[in-house]
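In this text the structure is predicted, and so the values were computed from the model without any measurement.
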Amino acid sequence: QVQLVESGGGSVQAGGSLTLSCAASGYSYSSACMAWFRQAPGKEREGVAAIYTGSGLKFYASSVKGRFTASQDNAKNTVYLQMNSLKPEDAAMYYCAADLNTVCGLTWYFFSRYDSWGQGTQVTVSS
């Protein structure tokens with residue numbers, strides 16, 4: 001059974017930083033598209049970043065490019081999202097998602113392709 005457990009959310013002031021973690025278990029982590037999504041109240045779920053664990057190839061939404069960095073630690077079966085220069089508009093519930101045995105590709109931000117999701121971790125950014 002696939003399990004994804006996020007951690008690292010919290011409250012920061014604008015301009016601050018947070019690092020989210022997503023620990024994965026129950027499947028072959030070595031070749032999966034691992035993505036981060038976020039959803040703010042009243043808004044649609046939005047793809048933020050993705051990383052293909054086989055090669056480390058990364059994808060980012062334009063709204064976070066240059067501020068957020070996705071990374072992986074294969075020894076720990078964990079992916080990370082380093083978030084710098086946080087803005088109030090980054091506040092949301094952040095979710096980790098996995099699409100197994102496939103590359104991310106240009107559809108990485110299609111939330112419907114992911115069949116495994118974590119429970120989410122809340123990020124609050126005050127101005």
Side-chain angles (χ1 to χ4, degrees):
Q1 183 178 357
V2 177
Q3 283 194 322
L4 303 174
V5 180
E6 302 103 329
S7 61
S11 296
V12 296
Q13 289 191 329
S17 299
L18 282 173
T19 299
L20 307 183
S21 300
C22 173
S25 62
Y27 67 96
S28 174
Y29 170 87
S30 61
S31 59
C33 179
M34 302 293 294
W36 289 97
F37 286 78
R38 66 186 181 188
Q39 189 166 22
K43 295 190 176 181
E44 292 187 351
R45 191 164 296 196
E46 172 191 22
V48 175
I51 183 168
Y52 172 55
T53 60
S55 66
L57 184 62
K58 305 168 189 178
F59 300 81
Y60 297 98
S62 58
S63 59
V64 306
K65 202 165 187 179
R67 300 187 298 122
F68 290 11
T69 303
S71 63
Q72 60 186 94
D73 184 335
N74 290 350
K76 296 182 179 180
N77 282 7
T78 299
V79 294
Y80 303 94
L81 185 67
Q82 172 71 41
M83 305 186 295
N84 297 327
S85 303
L86 282 161
K87 304 175 182 179
E89 53 263 42
D90 294 318
M93 184 72 79
Y94 282 70
Y95 299 91
C96 175
D99 188 0
L100 307 183
N101 301 314
T102 185
V103 298
C104 292
L106 296 179
T107 62
W108 68 269
Y109 58 94
F110 286 12
F111 68 84
S112 59
R113 63 175 280 184
Y114 297 92
D115 46 18
S116 298
W117 292 83
Q119 82 287 351
T121 186
Q122 183 71 45
V123 172
T124 303
V125 185
S126 58
S127 57

Would you say [X] and [Y] are hydrophobically clustered, going by side-chain heavy atoms of ILVMFWY under 4.5 Å?
| X | Y | value |
| --- | --- | --- |
| Val125 | Leu81 | yes |
| Leu4 | Phe111 | no |
| Ile51 | Leu18 | yes |
| Met34 | Leu100 | yes |
| Val48 | Val123 | yes |

How far does [atom1] of [X] sit from [atom2] of [Y], to the nearest 0.5 angstrom?
| X | Y | atom1 | atom2 | value |
| --- | --- | --- | --- | --- |
| Trp117 | Cys22 | CH2 | SG | 11.0 Å |
| Ser21 | Tyr80 | OG | OH | 5.5 Å |
| Thr124 | Leu86 | OG1 | CG | 10.5 Å |
| Tyr114 | Thr107 | OH | OG1 | 7.0 Å |
| Thr121 | Met93 | OG1 | CE | 7.5 Å |

Quiz prompt | Sequence neighbours excluded, every pair satisfying salt bridge (charged side-chain N to carboxylate O under 4.0 Å, His left out) that has a member inside residues 110-124 | solution = Asp99-Arg113
Quick one: closest heavy-atom pair of [X] and [Y], and the distance?
| X | Y | result |
| --- | --- | --- |
| Ser85 | Ser17 | N-OG, 4.3 Å |
| Trp108 | Ala50 | CE3-CB, 3.6 Å |
| Val2 | Ser116 | CG1-OG, 3.4 Å |

List the atom pairs, donor and acceptor, that lie under 3.5 Å between side-chain atoms in residues 35-44 and the rest of the protein, sequence neighbours left out.
unit_1 : atom_1 : unit_2 : atom_2 : d
Arg38  : NE     : Glu46  : OE1    : 2.8
Arg38  : NH1    : Asp90  : OD1    : 2.9
Arg38  : NH1    : Tyr94  : OH     : 2.9
Arg38  : NH2    : Glu46  : OE1    : 3.4
Gln39  : OE1    : Arg45  : NE     : 3.3
Gln39  : OE1    : Arg45  : NH2    : 3.3
Gln39  : NE2    : Lys43  : O      : 3.1

Quiz item: Side-chain donor-acceptor pair under 3.5 Å between Ser126 and Gln13, yes or no?
Solution: no
Exercise. Could you give me the CA-CA distance, side-chain angles and deciding distance for Tyr52 and Ser31, then say whether side chain to side chain contact (heavy atoms under 4.5 Å, CB included) is met?
Key: CA-CA 7 Å; Tyr52 172 55; Ser31 59; 3.7 Å; yes
Quiz item: Would you say Glu6's side chain and Cys96's backbone share a donor-acceptor pair under 3.5 angstrom?
Solution: yes
Side-chain donor-acceptor distances from residues 55-66 under 3.5 Å, at least two apart:
unit_1 : atom_1 : unit_2 : atom_2 : d
Ser55  : OG     : Leu57  : N      : 3.2
Lys58  : NZ     : Ala70  : O      : 3.0
Tyr60  : OH     : Ala70  : N      : 2.9

